[in-house]
Amino acid sequence: MKSVFDIIGPVMIGPSSSHTAGAARLGKIARSVLGEQPVRAEITLFGSFAETYRGHGTDRALVGGLLGMNTDDDRIKDALDIAGLEGLTVQFKTADSADHKIHPNTAGIALTGLTGKQVYVEGSSIGGGNILITRINDFEVGIRGKFPAILAEHYDRPGVIGGVTGTLGENGINIASIKMVRQFRGANNLMVIETDQLVSDFVLQKIREQPHLIDVIKIEPVEVYDV
Amino acid sequence: MFNTVSIMELIKEAEVRKCPIWELVLEQEAAQQQTPKGELWRRMKSYWQVMSEAVEKGTQPGHRSLSGLSGQEGFLMHEYAKNRPTLSGTASSLAAARAMGVSVVNASMGKIVAAPTAGSCGILPAVLFTAAESIGASEKQIIGAIFTAAGLGKIIDEVASTSGAQGGCQAECGAAAGMAAAAAVEMAGGTPTQAGHAAALCLKSIMGLVCDPVAGLVEIPCIKRNAIGAANALLSADMALAGIESKIPIDEVIGAMREVGDLMPSALKETARGGLANTPTARALEKEIFG
């Protein structure tokens with residue numbers, strides 16, 4: 001069941017909770033998945049996002065999120081200009097949402113980081129500023145961004161889950177939920193672990209030292225309360 | 001822990017325990033979030049702070065939206081309502097002015113509280129501000145009322161929608177007005193049952209309201225729909241307090257809202273392809289703004 005604060009809130013810069021605030025949150029999560037400073041973003045907009053993005057400031061909000069801004073950041077209005085100043089090149093494309101069974105407000109963000117690292121994050125703004133990340137690289141996920149999360153891509157081997165969860169436990173981090181996701185093709189799996197506490201870079205490094213892991217990233221939660 | 005997707009059940013529980021709806025909502029939230037009630041109350045109070053500031057700001061002169069399509073609506077109506085005898089009553093006119101004002105702040109990329117969305121952000125603050133003024137309500141009554149609104153809003157969101165892209169404007173301004181109507185009733189000392197009737201009466205009047213924003217912007221007719229929403233909420237609250245009951249129970253009204261939303265073509269659900277957005281003037285404005 002939702003919270004009263006999903007209905008009242010967020011405090012935000014207008015004009016639209018689904019097309020502005022939700023978009024800013026999607027951008028911010030994508031930045032978190034990349035885990036470093038983005039230098040290039042190719043953003044594909046679907047459905048209602050595609051049709052009304054300029055009028056709602058969706059483009060400014062997505063880019064603001066990519067630059068690390070929260071939904072109530074006054075700089076969102078100027079995010080496209082700020083992106084240029086911070087060395088982030090952005091390109092927008094639109095696509096028909098006929099294929100998308102999910103939600104009319106969906107964006108696919110292909111990001112390239114300073115080190116050349118690339119990620120693809122797809123998510124929807126599902127109303128009232130809330131978001132749902134539906135895809136990260138080749139994995140189908142269902143992350144709402146309310147909890148800190150660890151995403152660990154790994155080989156399917158005994159003990160791999162224990163290595164990761166044990167490390168979290170040893171460092172006092174409680175697991176809220178854990179889900180195993182299989183890739184569309186190939187044999188690699190993805191562990192999606194939502195935690196009650198934030199995971200520090202130190203703990204992230206300790207996790208990366210565990211066996212059978214391919215890549216581990218952490219996602220910071222979208223801001224919950226910052227009035 | 002009491003948990004329900006039925007407003008009727010929420011009302012019944014409140015009547016049984018002889019408490020206002022907001023107490024149940026607050027209790028449920030505290031249990032669900034494992035957070036003390038005091039902390040939740042403080043948080044809601046801080047949101048009310050932002051709402052009040054937007055109300056005060058919105059009726060000032062000098063606003064201009066990004067597009068230039070709006071800015072003066074809150075100010076004009078406020079001046080009129082304060083200085084002239086009105087046809088619809090001072091309270092109703094002031095509520096409309098305030099709702100439009102907050103909406104203008106939103107359209108100017110100013111700071112507001114989504115309640116439940118930015119498109120409908122003017123309604124709840126305007127209704128509570130104005131009703132509180134009319135009856136001399138305390139801040140405690142106002143914050144409680146916001147919890148009532150949120151409690152109903154959660155259920156509307158769960159059963160129907162609070163997204164224009166899924167349910168049209170009935171899901172945004174409609175839901176906001178329904179929530180506000182119930183909240184106003186409780187704030188004015190009405191029973192939980194009356195609060196339910198107010199929400200039902202309010203929602204019934206806006207069944208099928210489409211989301212057809214001109215040029216895709218949250219301005220025309222959104223700003224004025226916030227005005228009507230606030231007026232509708234106060235009127236519905238008055239009707240319920242007068243003893244008028246909705247023959248169709250609130251849960252069924254919300255179910256109907258869901259059905260109607262699903263039947264609506266996407267051209268009328270926040271895509272700017274149909275309705276007012278598709279009028280010659282709207283298309284001309286669109287071209288003027290976006291080229």
Judged by modelled atom types alone, do A/Asn171 and A/Lys206 share a side-chain donor-acceptor pair under 3.5 Å? no

Residue from B/Val25, B/Ile155, B/Leu40 scoring the most non-hydrogen pairs under 4.5 Å with chain A is B/Leu40

Report yes if the distance between the aromatic ring centroids of B/Trp22 and B/Trp41 is under 6.0 Å, otherwise no. yes

Taking the side chain as everything from C-beta on, heavy atoms only, tell me whether B/Lys111 gets closer than 4.5 Å to B/Val105. no

For chain A, which of B/Glu219, B/Glu172, B/Lys154 has the most heavy-atom pairs under 4.5 Å? B/Lys154

Highest number of heavy-atom pairs under 4.5 Å with chain B: which of A/Phe49, A/Tyr53, A/Phe5? A/Phe5

Could you give the side-chain donor-acceptor pairs of residues 264-277 of chain B under 3.5 Å, partners two or more places apart or in another chain?
{"unit_1": "B/Ser266", "atom_1": "OG", "unit_2": "B/Arg273", "atom_2": "NH2", "d": "2.9"}
{"unit_1": "B/Lys269", "atom_1": "NZ", "unit_2": "B/Gln166", "atom_2": "O", "d": "3.3"}
{"unit_1": "B/Lys269", "atom_1": "NZ", "unit_2": "B/Gly261", "atom_2": "O", "d": "2.9"}
{"unit_1": "B/Lys269", "atom_1": "NZ", "unit_2": "B/Met264", "atom_2": "O", "d": "3.3"}
{"unit_1": "B/Glu270", "atom_1": "OE1", "unit_2": "B/Ala165", "atom_2": "N", "d": "3.0"}
{"unit_1": "B/Glu270", "atom_1": "OE2", "unit_2": "A/His19", "atom_2": "ND1", "d": "3.2"}
{"unit_1": "B/Thr271", "atom_1": "OG1", "unit_2": "B/Ser266", "atom_2": "O", "d": "2.7"}
{"unit_1": "B/Thr271", "atom_1": "OG1", "unit_2": "B/Ala267", "atom_2": "O", "d": "3.4"}
{"unit_1": "B/Arg273", "atom_1": "NE", "unit_2": "A/Glu51", "atom_2": "OE1", "d": "3.2"}
{"unit_1": "B/Arg273", "atom_1": "NE", "unit_2": "A/Glu51", "atom_2": "OE2", "d": "3.3"}

So, the part of B/Leu66 with a heavy atom under 4.5 Å from chain A: the answer is side chain

Let me know if A/Ser18 has heavy atoms under 4.5 Å from chain B in its side chain, its backbone, both or neither. side chain

Between B/Ser108 and chain A, with a heavy-atom cut-off of 4.5 Å, which part of the residue counts as in contact: side chain, backbone, both or neither? backbone

In the structure I gave you, are the side-chain heavy atoms of A/Ile82 and A/Leu67 within less than 4.5 Å of one another anywhere? yes

Determine, for A/Asp6 against A/Arg144, whether the closest basic-nitrogen to carboxylate-oxygen distance falls under 4.0 angstrom. no

For chain A, which residues of residues 173-181 of chain B have heavy atoms nearer than 4.5 angstrom: B/Met179

Salt bridge (Lys or Arg N to Asp or Glu O under 4.0 Å) partners of B/Glu139, counting only residues at least two apart: B/Lys45

Could you look at B/Leu124 and say if it's the side chain, the backbone, both or neither that has a heavy atom under 4.5 Å from chain A? side chain

Between A/Glu220 and A/Lys218, is there a salt bridge with N-O shorter than 4.0 Å? yes

Taking ring pair (Phe, Tyr, Trp, His ring centres under 6.0 Å) as the definition, give me every residue that meets it alongside A/Phe147, ordered by chain and number, with sequence neighbours left out. none

